[in-house]
Q: 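Quick one: the structure is below, and I'll ask about it shortly.
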Amino acid sequence: GAVVSQHPSWVICKSGTSVKIECRSLDFQATTMFWYRQFPKQSLMLMATSNEGSKATYEQGVEKDKFLINHASLTLSTLTVTSAHPEDSSFYICSADRGITEAFFGQGTRLTVV
Amino acid sequence: RKEVEQDPGPFNVPEGATVAFNCTYSNSASQSFFWYRQDCRKEPKLLMSVYSSGNEDGRFTAQLNRASQYISLLIRDSKLSDSATYLCVVNFKGTGNQFYFGTGTSLTVIP
């Protein structure tokens, strides 16, 4: 069964609004979670590394004020896309670090900004 | 320079064919290697890990060449259900357990 749950699986929002995506580790504690973005026909690109109890580490070119990450507990990280615009429409996927090499992914969130 | 380079394809092959995908990675300190499968609009799922000694799982064979920083995946006797995008993934334990993805290779198996 799934070990990482991501919600919602899809969302449509108006331009200028904010959208929150949740990523939960189901049967383990994850001090580190990762957020990826995937545009059509492109690979997953790491956006940021979310660390429980501390600030997230953002990859170069990712605006930290636009993509707010909160990792307040060992089982939950949230990504908030603030003031979303059509160019933010993408497939967002989280993964949780279980301390082993295999990556466990959430089901992904398809965001469409209209 | 990308961490992981992959031929995006697409590969369109008939049922029963053998198809091979290749991938190169740039960081010689990379520690673990994988092939993931991603179906359209779904999250990636682990297909198999890749070891220097080579490993086989049914119709799938993966190989790693550390000297050349090269990873391969061979699919024999292709099935329609093999149609998907195959992602080459490299793991590096730097400041965290980070994974780097290739662009993916699209495979369509044709009846």
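Each chain gets a letter, A, B and so on, in the order the sequences are listed, and its residues count up from 1. For clarity, every value in this text was computed on a predicted model and none was experimentally measured.
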Q: Test ring-ring contact (aromatic ring centres under 6.0 Å, His included) on A/Tyr36 and B/Phe99 and set out the steps.
A: CA-CA 10 Å; A/Tyr36 298 86; B/Phe99 293 84; 7.9 Å; no

Q: Taking the six-membered ring for Trp, are B/Tyr36 and A/Phe105 closer than 6.0 Å centroid to centroid?
A: yes

Q: Answer with yes or no whether the hydrophobic clustering places A/Val113 together with A/Met47; edges join I, L, V, M, F, W, Y residues whose side-chain heavy atoms lie under 4.5 Å apart.
A: yes

Q: Kindly work out whether a path of hydrophobic side-chain contacts (I/L/V/M/F/W/Y, heavy atoms less than 4.5 Å apart) joins B/Ile71 to B/Met48.
A: yes

Q: Below 4.5 Å from any heavy atom of chain B, which atoms of A/Gln38 appear? Answer side chain, backbone, both or neither.
A: side chain

Q: Consider only side-chain heavy atoms of I, L, V, M, F, W and Y, link residues closer than 4.5 Å, and tell whether B/Phe101 and A/Trp35 are in one cluster.
A: no

Q: Is it the backbone or the side chain of B/Gln38 that comes under 4.5 Å from a heavy atom of chain A, or both, or neither?
A: side chain

Q: Return yes when atom NZ of A/Lys55 has more than 12 non-hydrogen atoms of other residues, nucleotides or ligands closer than 6.0 Å, and no otherwise.
A: no

Q: Transitively linked via ILVMFWY side-chain contacts under 4.5 Å: A/Phe39 with A/Ile21?
A: no

Q: Can you list every pair that meets ring-ring contact (aromatic ring centres under 6.0 Å, His included) and has a residue in residues 45-90 of chain B, with sequence neighbours left out?
A: B/Phe21-B/Tyr86

Q: Between OH of B/Tyr100 and CE of A/Met45, what distance do you get to the nearest 0.5 Å?
A: 10.0 Å

Q: Counting a contact as any heavy-atom pair under 4.5 Å apart, which residues of residues 73-93 of chain A contact chain B?
A: A/Phe91, A/Ile93

Q: Is it the case that one hydrophobic cluster holds both A/Leu111 and A/Phe34, taking links as side-chain heavy atoms less than 4.5 Å apart, direct or via other members?
A: no

